[in-house]
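Structure first, then comments.
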Amino acid sequence: MELSPDAVVYWQWGFVKLNATLVFTWATMAVLVGCSWLITRRIRGGVAVLSGQAFLEMLLEQIRDQIRDATQDEPDKYLPVIGTLFLFIATASLLGVVPGVHVPTASLSTTSALALLVFIVVPAYGIEAKGFKRYLASYTRPTVFMLPFNMIGEVSRTVALSVRLFGNMMSGHLIVAVLLTIVPILFPALLQAFGLLIGFIQAYVFAILALVYIASGTRVIREERTEGPEEGREEGPPQAS
C-alpha cells in the first residue's frame, strides 16, 4: 500500500521521474478542460438550455454567492482563482473512485503547489487594489515591530493550508484502503462514497480558506477607502445648510 502517489513511479530516467502525482494531476486538468469545452461549445440563451450548461451555471452561481458573502464585493474577479481551486480538488477526488487512479491531492507536493498559489494571489489582489507601497505598509500595523510577526503569519498559514489538505486527503484515502482490505466484499461502495465525501469537503474547505485569506487582505483596503473621504470632509470647511 502506497501512502503517497509520489511513490508510484511509472517511468524514470536518472533523477527525472514520472510518478502518479504528475500523471493524475495532468489527467485531472485534462478532464476539467475537456468537460468545459464540451459544455461551453454549445451554449444557449433563454429557457431551453442543455443539462450540462444548466449544472455549470448553477455551480458558478453557488460559487459566486459564497465569494460575495465572504468578501462583500463583486465575485467575478475572485471567481477564476477560487473556482479553479475548488473544481480541481473536487474533480481529483471524484476521479479517485476509479480503480487504479491515485488522487494527486494526497501528495504533499500538489497541496504545497496549491497553497503556494494562494500565497501569491493574496498579495496580488491587495497590490492590484491598493498599490505596492500601501499594501506593504499594512504589514507594519499597528506598529512597525509587527512586521516580522505578520510575515511569519503569512508563511505559517500557507504551510498550514498545504499540510491540512494533504493530511486530510491522505488519511481519508488511507482509512478507506485499510477498510477495503479488511472487508473487501461488504462495504466497498459505501467506503468509496465516504472517500469521495471527504474529498468534496476538503475542496470546499480549501477554497473557503483561500477566499478568507483574500478577503482579509482586501478588507483593510475597503475600510481605508471608506475612512478616506470622511477624513477629507472633516478637514474641509463646513458647508452651509
Side-chain angles (χ1 to χ4, degrees), residues 1-8 10 19-39 52 55-67 70 78-118 121 158-181 183-184 187-213:
M1 182 188 305
E2 303 292 347
L3 295 180
S4 171
D6 291 339
V8 181
Y10 297 120
N19 55 28
T21 300
L22 291 174
V23 170
F24 292 107
T25 295
W26 282 95
T28 302
M29 292 189 292
V31 169
L32 286 173
V33 172
C35 291
S36 300
W37 178 78
L38 289 174
I39 294 174
F55 173 77
L56 182 61
E57 291 178 355
M58 179 187 68
L59 180 61
L60 290 177
E61 284 303 317
Q62 290 294 327
I63 298 175
R64 282 194 179 100
D65 290 340
Q66 293 290 330
I67 295 174
Y78 307 111
L79 182 63
V81 173
I82 302 301
T84 301
L85 286 173
F86 173 78
L87 290 176
F88 176 82
I89 300 173
T91 303
S93 301
L94 182 62
L95 294 177
V97 303
V98 179
V101 173
H102 297 272
V103 180
T105 47
S107 166
L108 186 59
S109 58
T110 301
T111 58
S112 298
L114 296 175
L116 183 61
L117 173 64
V118 177
V121 299
T158 302
V159 175
L161 194 63
S162 171
V163 174
R164 179 187 292 110
L165 179 61
F166 165 70
N168 288 324
M169 295 300 296
M170 186 194 69
S171 61
H173 287 282
L174 181 60
I175 291 173
V176 171
V178 171
L179 293 179
L180 284 174
T181 304
V183 283
F187 305 110
L190 180 62
L191 295 177
Q192 289 288 355
F194 174 71
L196 182 60
L197 177 63
I198 292 175
F200 276 99
I201 291 175
Q202 293 307 315
Y204 177 79
V205 170
F206 191 96
I208 287 296
L209 287 175
L211 185 58
V212 168
Y213 296 156

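Just the heavy atoms: all of them, side chains too, but no hydrogens, waters or symmetry mates, feed the values below. Quick note: residue numbers are just sequence positions, from 1. Remember, predicted model here, so these are calculated numbers, not experimental data.
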Going by the rule side chain to side chain donor-acceptor pair (under 3.5 Å), which residues pair with Thr84 if we only count those two or more places apart in sequence or in a different chain? none
Mind listing the closest non-hydrogen atom pair of Thr28 and Ala92 along with its distance? CG2-N, 3.8 Å
Give the C-alpha distance, both sets of side-chain angles, the deciding distance and a yes or no for side chain to side chain contact (heavy atoms under 4.5 Å, CB included) between Phe24 and Val98. CA-CA 12 Å; Phe24 292 107; Val98 179; over 6 Å; no
Which atom pair, heavy atoms only, marks the closest approach of Ala70 to Leu211? CB-CD2, 3.5 Å
Got a second to check how far Ile63's CD1 is from Met58's CE, nearest 0.5 Å? 10.5 Å
Applying side chain to side chain donor-acceptor pair (under 3.5 Å), can you list everything that pairs with Asn19, at least two apart in sequence or on another chain? none
How long is the straight-line distance from CH2 of Trp26 back to CG of Leu22, given to the nearest 0.5 Å? 9.5 Å
Side chains of Ser112 and Ser162, donor plus acceptor under 3.5 Å: yes
Nearest atoms (heavy-atom pairs only) where Ala210 meets Leu85: CB-CD1, 4.0 Å
For a side chain to side chain contact (heavy atoms under 4.5 Å, CB included) check, start with the C-alpha distance between Val163 and Thr111, then their side-chain angles and the critical distance, and finish with the verdict. CA-CA 7 Å; Val163 174; Thr111 58; over 6 Å; no
How close do Gln202 and Ile89 get, counting heavy atoms only, and between which atoms? C-CG2, 4.5 Å
Any side-chain heavy atom of Leu196 sitting closer than 4.5 Å to one from Leu94? yes
Should Phe88 and Thr25 count as side-chain neighbours, where that means a heavy-atom distance under 4.5 Å? yes
Quick check for you: to the nearest 0.5 Å, what is the distance between Ser36 atom OG and Leu87 atom CG? 7.5 Å
Grab the two heavy atoms, one from Thr21 and one from Ser109, that are nearest each other, plus how far apart they are. CG2-OG, 3.9 Å
What I'd like to find out is whether the side chain of Leu114 reaches to under 4.5 Å of the side chain of Val118, using heavy atoms alone. no
Rounding to 0.5 Å, atoms CD (Gln66) and OH (Tyr78) come to a distance of 15.5 Å
Just jot down the side-chain contact (heavy atoms from CB on, under 4.5 Å) partners of Leu56, sequence neighbours excluded, or say none. Ile39, Thr40, Leu60
Between Ser93 and Met169, the two heavy atoms sitting closest are OG-CE, 3.3 Å
If you round to the nearest 0.5 Å, how far is CZ of Phe206 from CD1 of Ile82? 9.0 Å
